[in-house]
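Here is the naming used below: chain letters follow the sequence lines, and residue numbers restart at 1 for every chain.
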Amino acid sequence: MDQCSPKERGVKLVASGRVEVRVRFAPSPTGELHVGGARTALFNWLFARHHRGKFILRIEDTDVARSSENFYRVVLDSLKWLGLDWDEGPEKGGRYSPYIQSQRLHIYEKYAHKLLEEGKAYLCYCTPQELEDYKRRLEKEEPLRYSGKCRNLSSEERKSLEAEGRKPALRFRVPPGTVWVDDLLRGRVSFENRLIGDFIILKSDGTPTYNFACVIDDSLMKITHIIRGDEHLPNTPRQVLLYCALDFPILRFAHIPLILGRDSSKLSKRHGATSVSYYRGQGYLPWTMVNYLALLGWSTSDSQQFFGRDELIQKFTLERVGKSAAIFDPMKLEWMNGEYIRRMDLDELVNLLIPYLRRADLIEEKMDSATRQKILKVARLEQERIKVLSQIVDLAGFFFTGDFAYDPIPVEKRLKKDYVPSLLEEMRMRIEALSPFEEKELEELLRRLARDFSLSPSEVFHPLRVALTGRMKGPGLFELAGVLGKGEVIRRIERTLEMHKNSL
RNA sequence: GGCGCUAUCGUCUAGGGGACCAGGAUGGGUGGUUCUCAGCCAUCAGACCGGGGUUCGAAUCCCCGUAGCGCCA
């Protein structure tokens, strides 16, 4: 067993079972929050809530060139929208603030110097170009790792390198031996130190590398469990080495499987729609997103599909997280959103629909109660059809404007029939005389009309549907006519008759 | 190139030695309900990566391959 025994050190933490669970999500503000990140955040959040612990948000923005204030905002917004509230972090503060790495540089520096003084790290003057060249010269069989060139420089050598104007980076001196990671999902994973190679902890510009900053922050912030994506597993032995060197306790790890794109490569921009804000904009409900993401890599023994918030928190455990990567399936996400929309309270649905109707200019900025009533009726009719909120514009736009475009296919199939003009003409007259104008009466009228014209009911219904909506599909004909009202129905029949005259 | 992880229907998954001729969900097919679509109901097709072991018995345990993915820059 090594002098720095992960087992030995890990035990302290396990034994003290009463310690409050503290987990963190540590995004880099170098892009929008994508579904993979959201899922990692979610698992951390669920774990924290399940154990009545703390969920901490930390911003890893040491890559100044790629980080932006804008993305920082988007990431925070997306988390809030999903309902993943954090107990400590930006905007919230906490005992271990600041929670933004760029404001913690002095801390990393302090620990870096400690390691330097103790001889556990050393200055490296190699330039990126030299390292690149070295790598290229490596034998095929050799692992890619640092040569150790600057490991044992004399002070004279250092002076002369510095005289050349070289800015040193700080490298960690990897001791001989073996490290292992006791992963909650995968068991013990061992790594040989000699294959790791001395790695950089402080770049020549003084900023810390991911592994270093991460170790310092997680330790100082008293994190108990690191739940993060699988892609970090190969980084973990480096971090374990650092915990040892810094005399920090080794935390518990759980590397959760990645989310992949359709082509089963790691989800990225080129897979198209992957950001949380995209799905938000399209009209996915936040809870759909949470529910769906929870099912990517986690499941219950009965493969339950739908969960309420408290139920999910109560049922979520790391033990039931799978080990293999999962492909993100937009189809199932859409289905689930449709399910949640169908279960939604009608008034709530109306509220969610309004911004989309407004953006499409189908309703006025200021809304009177009659309009709201109408939206409510429309929502009732479309609720079972709509899967994503933004679809309301396409599905139900015709309710709000008489000036919709006619879909050419149904026009061809249903309107361009010889019997249609005289049928519509007669229909218009009879509807005009119809009182009251109610669904039941309208249906009777149309069925009688069919008999009088020796047509099947469908041969009457279909042309009217196209005349009223411009399309072949949609809610029930009588229901939608009821929402439109007598005047509008007559107007649209006339418009169709007019169109007929012109095209024939 | 080295190291690591993973491997059940197209996809998400249940399964942790016999209860599995492998269950659920999604997606797809078919039929029914209906003015269309959606929904709902019914129904069909669809998987244990390959090979060796261990065992009376393996999707389940071990080994070796293979493949996918990830990390190291």
Checklist entry - If you measure from the C1' atom in B/C40 to the same atom in B/G23, how many Å do you get, rounded? => result 23 Å

Checklist entry - When the nearest nucleotide of RNA chain B is assigned to A/K473 and to A/N235 on a heavy-atom basis, which residue is associated with the more 5' position? => result A/K473

Checklist entry - With sugar-phosphate meaning primed atoms plus P, OP1 and OP2, does A/E231 contact a base, only sugar-phosphate, or nothing at under 4.0 Å between heavy atoms? => result sugar-phosphate

Next on the checklist: Can you tell me how the ring of A/F404 sits relative to the ring of A/Y406, calling it parallel under 30°, perpendicular over 60° and tilted otherwise?
Outcome noted: tilted

Checklist entry - Can you tell me the Watson-Crick or wobble partner of B/C40, both distances under 3.5 angstrom? => result B/G32

Checklist entry - If we call it a pair only when both distances are under 3.5 Å in a Watson-Crick or G-U wobble match, what pairs with B/G16? => result none

Next on the checklist: Using only atom types and a distance under 3.5 Å, with no angle test, would you say the side chain of A/T207 pairs donor to acceptor with the backbone of A/K203?
Outcome noted: no

Item to check | Between B/C3 (P) and A/N193 (CG): distance, integer Å | outcome: 15 Å

Can you check nucleotides 26-30 of chain B for protein contacts, nitrogen or oxygen pairs under 3.5 Å, and list what you find?
none

Next on the checklist: Need the pair for B/U6. Rule: Watson-Crick or G-U wobble, both distances under 3.5 Å, any strand; none if unpaired.
Outcome noted: B/A67

Checklist entry - Given the P atoms of B/C3 and B/C64, what is the spacing between them in whole Å? => result 13 Å

Review item, side-chain donor-acceptor pairs of residues 322-333 of chain A, under 3.5 Å, at least two apart:
unit_1, atom_1, unit_2, atom_2, d
A/D329, OD1, A/M331, N, 3.1
A/K332, NZ, A/Q305, OE1, 3.0

Could you go through nucleotides 4-7 of chain B and list every protein N or O atom that sits under 3.5 Å from one of its N or O atoms, giving the distance for each pair?
unit_1, atom_1, unit_2, atom_2, d
B/C5, O3', A/R186, NH1, 3.4
B/C5, O2', A/R186, NH1, 2.8

Checklist entry - A/M429: what forms a side-chain contact (heavy atoms from CB on, under 4.5 Å) with it, not counting sequence neighbours? => result A/E426

Item to check | Separation of atom CG in A/N337 from atom P in B/G39, rounded to whole Å | outcome: 14 Å

Next on the checklist: Can you tell me the base-pairing partner of B/U55? Count Watson-Crick or G-U wobble geometry only, both distances below 3.5 Å, and say none if there is no partner.
Outcome noted: none

Checklist entry - Contact class for A/R262 (heavy atom, under 4.0 Å): base, sugar-phosphate, or nothing? => result nothing

Next on the checklist: Between B/G53 and B/G57, how far apart are the two C1' atoms, rounded to whole Å?
Outcome noted: 15 Å

Checklist entry - Rounded to the nearest 0.5 Å, what separation is found between the CG atom of A/L170 and the SG atom of A/C124? => result 9.5 Å

Pairs under 3.5 Å (N/O, protein and nucleotides 15-17 of chain B):
unit_1, atom_1, unit_2, atom_2, d
B/G15, OP1, A/R320, NH1, 3.2
B/G15, OP1, A/R320, NH2, 3.3

Checklist entry - Once you round it to whole Å, what is the distance between P of B/U13 and OH of A/Y292? => result 8 Å

Checklist entry - How about A/Y210 and A/H232: are their ring centroids closer than 6.0 Å? => result yes

Item to check | Opposite nucleotide pairing with B/A22, Watson-Crick or G-U, both atom distances under 3.5 Å | outcome: none

Item to check | The single option from A/I493, A/L423, A/V420 passing side-chain contact (heavy atoms from CB on, under 4.5 Å) against A/L464 | outcome: A/I493

Checklist entry - Counting only Watson-Crick or G-U wobble pairs whose two distances fall under 3.5 Å, which nucleotide matches B/U60? => result none

Next on the checklist: Give me the distance, rounded to whole Å, that separates B/G28 from B/G10 when you measure between the C1' atoms they each carry.
Outcome noted: 9 Å

Item to check | Verdict with reasoning, A/R58 to A/D218, per salt bridge (Lys or Arg N to Asp or Glu O under 4.0 Å) | outcome: CA-CA 10 Å; A/R58 182 173 76 223; A/D218 287 336; 2.8 Å; yes

Item to check | A/W180 to A/S190 - nearest heavy-atom pair and separation | outcome: CB-OG, 3.7 Å

Checklist outcome for this item: If pairing means Watson-Crick or G-U wobble with both distances under 3.5 Å, then the partner of B/G1 is B/C72

Checklist entry - Taking the P atom of each, how far is B/C49 from B/U55, in whole Å? => result 23 Å

Item to check | Rounded P spacing from B/C61 to B/U8 in Å | outcome: 13 Å

Checklist entry - Taking the six-membered ring for Trp, are A/F172 and A/F199 parallel (under 30°), tilted (30 to 60°) or perpendicular (over 60°)? => result tilted

Item to check | d(CG, A/L296; P, B/C12) in whole Å | outcome: 8 Å

Item to check | Value in whole Å for how far the C1' atom of B/C72 lies from CD of A/Q239 | outcome: 14 Å

Checklist entry - Is a salt bridge present between A/R385 and A/E382, judged by a nitrogen-to-oxygen distance below 4.0 Å? => result yes

Protein-nucleotides 32-35 of chain B N/O pairs under 3.5 Å:
unit_1, atom_1, unit_2, atom_2, d
B/C35, OP1, A/R447, NH2, 3.0
B/C35, O2', A/H462, ND1, 3.4
B/C35, O2', A/H462, NE2, 3.1
B/C35, O2, A/R465, NH2, 2.9
B/C35, N3, A/L477, N, 3.0
B/C35, N4, A/L477, N, 3.3

Item to check | B/A45 - base-pair partner by Watson-Crick or wobble geometry, distances under 3.5 Å | outcome: none

Checklist entry - Expressed in whole Å, how much space separates the P atoms belonging to B/U11 and B/G27? => result 16 Å

Checklist entry - Does any donor atom in the side chain of A/Y122 or A/D198 lie under 3.5 Å from an acceptor atom in the other side chain? => result yes

Item to check | Geometric cation-pi criterion, A/R309 with A/F307: 6.0 Å, 45° | outcome: no

Item to check | Atom-to-atom span, CD1 of A/I196 to P of B/A73 - whole angstrom | outcome: 12 Å

Checklist entry - Between the side chains of A/D61 and A/Q101, is a donor N or O closer than 3.5 angstrom to an acceptor N or O? => result no

Checklist entry - When the ring centroid of A/F316 is compared with that of A/W298, is the distance short of 6.0 Å? => result yes

Item to check | B/A14 to B/C56 separation - P atoms, rounded to the nearest Å | outcome: 30 Å

Checklist entry - When the distance from OH of A/Y210 to P of B/A73 is rounded to whole Å, what number comes out? => result 13 Å

Item to check | Value rounded to 0.5 Å, distance of CE in A/M336 from OH in A/Y284 | outcome: 12.0 Å

Checklist entry - Rounded to whole angstrom units, what separation is found between the CG atom of A/D183 and the C1' atom of B/G70? => result 14 Å

